[in-house]
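What follows is one structure encoded as structure tokens, with my remarks underneath.
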Protein chains: 2
Amino acid sequence: MPRKRLTREESREQTRLRLLEAAAVAIAKKGLAATSVEDIAAQAGYTRGAFYSNFKSKSDLFIELLRLDHQNIQEDLQKLLDADLSSEDLQQQLALFYAQCYRDDNNYVIWAEARLHAMRDAKFRQRMNALCLEKRDMIAYFIEQFCQRLNTQLPGPAADYALATIALMDGMLYFNIIMPNELPDASAEAVLTNIFTRTFFSPSP
Amino acid sequence: MPRKRLTREESREQTRLRLLEAAAVAIAKKGLAATSVEDIAAQAGYTRGAFYSNFKSKSDLFIELLRLDHQNIQEDLQKLLDADLSSEDLQQQLALFYAQCYRDDNNYVIWAEARLHAMRDAKFRQRMNALCLEKRDMIAYFIEQFCQRLNTQLPGPAADYALATIALMDGMLYFNIIMPNELPDASAEAVLTNIFTRTFFSPSP
DNA sequence: GGACTCTAATACACTTCTGTATCTGAATTC
DNA sequence: GAATTCAGATACAGAAGTGTATTAGAGTCC
């Protein structure tokens, strides 16, 4: 089969995507700071010339990378929300949400890098917080819907519990990745489900 | 007052500690990878010569840094355990534990760097996991004691819930640091207390 | 107080990265 | 199909870091 001859625009877009994908791999492997522009370009099968003609800087590419991934996560979440699941499924889905979003191992690392980067760079922090708050609000809506169905009442603002949910899932995922023997998937899931159930479901003590 | 004249040993130890302290500051500010040996030495008021005569490598110093900090955290935890507090205080103390441990702003960042480093370096990961498991077990004991006093039963292994506790606290602390307006201290504390209470206190649903 | 020893400074040789400036060949246009 | 335009390669000058080898100077010992 003859390889399709690409237009300039298509070719450029392909290069761009390859660079982004390569950056994700390289950054996950070596870290943002330790990954040189050269590494990224080489990993993608180009030279630095290609990089600089597609991105202003490494930082520029990194933000783009996060933006795209965040978009995917949001879309996945939206699908869950739209699916109009039963209560049990809803809970299940929330508990499994991260495992789904981060199905690509690189992604967890990328976001961990981003969190650190955000602590140091104020401009980056602003953008990053905006993304996080979007996610928080979506999960807050999730939680509200959940409580409403079960006819229970949260002891505080859903937004706060959404942050706690993200925090908990992120941290558990870390342990699950770093010491899978100590915290196998099943244990992690059981703990998450239990904490969610007891927090969002049980009446105020 | 005349400055005490140090023996060689004392002087060396002082240099070592200054380098460690300087490394904590520099690494928290710029990140592990972006911090050069020169940065650390300069921050401490020495040159690279002093560094290499005290540590084998940057990695070597970093592990030492974590080891020392972990030791402090463990000691603080032990004090809490030994204090024989009332149930209410026990819960309160657990919820505030991290804020106390990480009273120095740098420490959170240092450990975040360590978590990332652990994902990439197998040898480092082993050491790091050992430290984390020590902490987990201590918190598990904490939780068990708590449940025993309140005469409630955990729905699963305390060790798993200890990991969840660490995960939750770490993540909440992150949000608290990165977006203090969205998650002020009081909110974070309220959420943590609520989740703990409902998870460790309420009877099985 | 002179010889010895150890800490930390300095010098050095080497590697790696950055960003820009220039060039080349393929795509597009007429 | 020649002129042009643009993506990406290549060349270059400079900055910064690494680890080792050597040196200076202060601490220690007799």
Side-chain angles (χ1 to χ4, degrees), chain A residues 2-65 113 117 120-121 123-124, chain B residues 2-65 113 117 120-121 123-124:
Chain A
R3 190 173 297 123
K4 179 175 180 293
R5 200 171 170 79
L6 302 175
T7 66
R8 269 194 190 159
E9 212 175 337
E10 287 171 326
S11 162
R12 189 174 163 79
E13 186 56 23
Q14 190 182 57
T15 302
R16 209 183 141 75
L17 286 177
R18 281 181 183 160
L19 285 169
L20 281 164
E21 177 54 32
V25 173
I27 291 173
K29 193 158 87 187
K30 301 178 55 177
L32 179 63
T35 300
S36 66
V37 170
E38 180 125 35
D39 288 336
I40 296 171
Q43 172 81 238
Y46 297 92
T47 61
R48 273 176 307 131
F51 181 96
Y52 282 110
S53 99
N54 277 284
F55 299 96
K56 257 194 14 245
S57 62
K58 194 166 71 175
S59 204
D60 187 46
L61 172 142
F62 188 52
I63 288 173
E64 180 66 9
L65 191 57
E113 287 282 348
H117 195 57
R120 300 191 177 109
D121 181 331
K123 202 166 197 91
F124 184 84
Chain B
R3 192 174 295 123
K4 180 176 178 293
R5 200 171 169 82
L6 302 176
T7 67
R8 267 192 191 161
E9 213 175 335
E10 288 171 326
S11 161
R12 188 175 165 78
E13 186 56 21
Q14 190 183 58
T15 302
R16 211 183 139 75
L17 287 177
R18 280 180 183 161
L19 284 169
L20 282 164
E21 177 54 31
V25 173
I27 292 173
K29 194 158 85 186
K30 300 177 58 177
L32 180 62
T35 300
S36 67
V37 171
E38 180 126 34
D39 288 337
I40 296 171
Q43 171 82 236
Y46 297 92
T47 62
R48 274 181 304 134
F51 181 96
Y52 281 110
S53 101
N54 277 283
F55 299 96
K56 258 196 11 247
S57 62
K58 193 167 72 176
S59 206
D60 187 48
L61 170 144
F62 189 51
I63 288 173
E64 180 67 8
L65 190 58
E113 287 281 347
H117 195 56
R120 297 187 181 115
D121 180 334
K123 203 167 197 91
F124 184 84

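Hydrogens, waters and symmetry mates play no part in the numbers below; they use all other heavy atoms, side chains included. First the proteins, then the strands, lettered A, B, ... as listed; each starts at 1. Since we're looking at a predicted model, the values are computed, not measured.
- In this structure, A/Gln43 CD and A/Lys30 NZ are separated by 10.0 Å, a value rounded to the nearest 0.5 Å.
- Among C/dT18, D/dT18, D/dG8, the nucleotide with an atom closest to any side-chain atom of A/Tyr52 is C/dT18.
- To the nearest 0.5 Å, atom NZ of residue B/Lys56 and atom CD1 of residue B/Ile63 are 8.5 Å apart.
- D/dA11 atom C1' lies 13 Å from atom CD of A/Glu38, rounded to whole Å.
- Of the inter-residue distances, the one linking A/Phe51 atom CZ with A/Ile40 atom CD1 reads 5.0 Å to the nearest 0.5 angstrom.
- Taking the six-membered ring for Trp and thresholds of 30 and 60 degrees, A/His117 and A/Phe124 have ring planes more than 60 degrees apart, a perpendicular arrangement.
- Close to C/dT7, at under 4.0 Å from its OP1 or OP2, lies no side-chain N or O of B/Asn54.
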Every protein N/O lying under 3.5 Å from an N/O of nucleotides 9-11 of chain C:
| residue | atom | partner | partner atom | Å |
| --- | --- | --- | --- | --- |
| C/dA9 | OP2 | B/Thr47 | N | 2.9 |
| C/dA9 | OP2 | B/Thr47 | OG1 | 2.6 |
| C/dA9 | O5' | B/Thr47 | OG1 | 3.2 |

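- We find that CG of A/Asp39 is positioned 14 Å from C1' of C/dT15, with the value rounded to whole Å.
- Rounded to whole Å, the distance from CD on B/Glu13 to C1' on C/dA8 is 16 Å.
- Nearest to the side chain of A/Ser11, among D/dT18, D/dG8, C/dC17, sits D/dG8.
- Atom CZ of B/Phe55 and atom P of D/dT18 are 15 Å apart (whole Å).
- Interatomic distance, A/Arg16 CZ to A/Leu61 CG, rounded to the nearest 0.5 Å: 8.0 Å.
- Distance from the side chain of A/Ser36 is smallest to C/dT18 among C/dT18, D/dG17, C/dA8.
- One can place CZ of A/Arg16 at 12 Å from P of D/dA7, the figure rounded to the nearest angstrom.
- Residues B/Leu65 and B/Leu20 approach most closely at CD1-O, 3.6 Å, considering heavy atoms.
- Between the side chains of A/Asp60 and A/Ser57, no donor N or O sits under 3.5 Å from an acceptor N or O.
- A/Glu9 places its CD atom 17 Å from the C1' atom of C/dA26, with the value rounded to the nearest Å.
- At whole-Å resolution of the value, CZ in A/Arg12 and C1' in D/dG8 are 10 Å apart.
- Between the CD1 atom of A/Ile40 and the C1' atom of D/dA9 there is a distance of 18 Å, given to the nearest Å.
- Nucleic acid contact for B/Thr15: sugar-phosphate only, since backbone atoms but no base atoms lie under 4.0 Å from a heavy atom of the residue.
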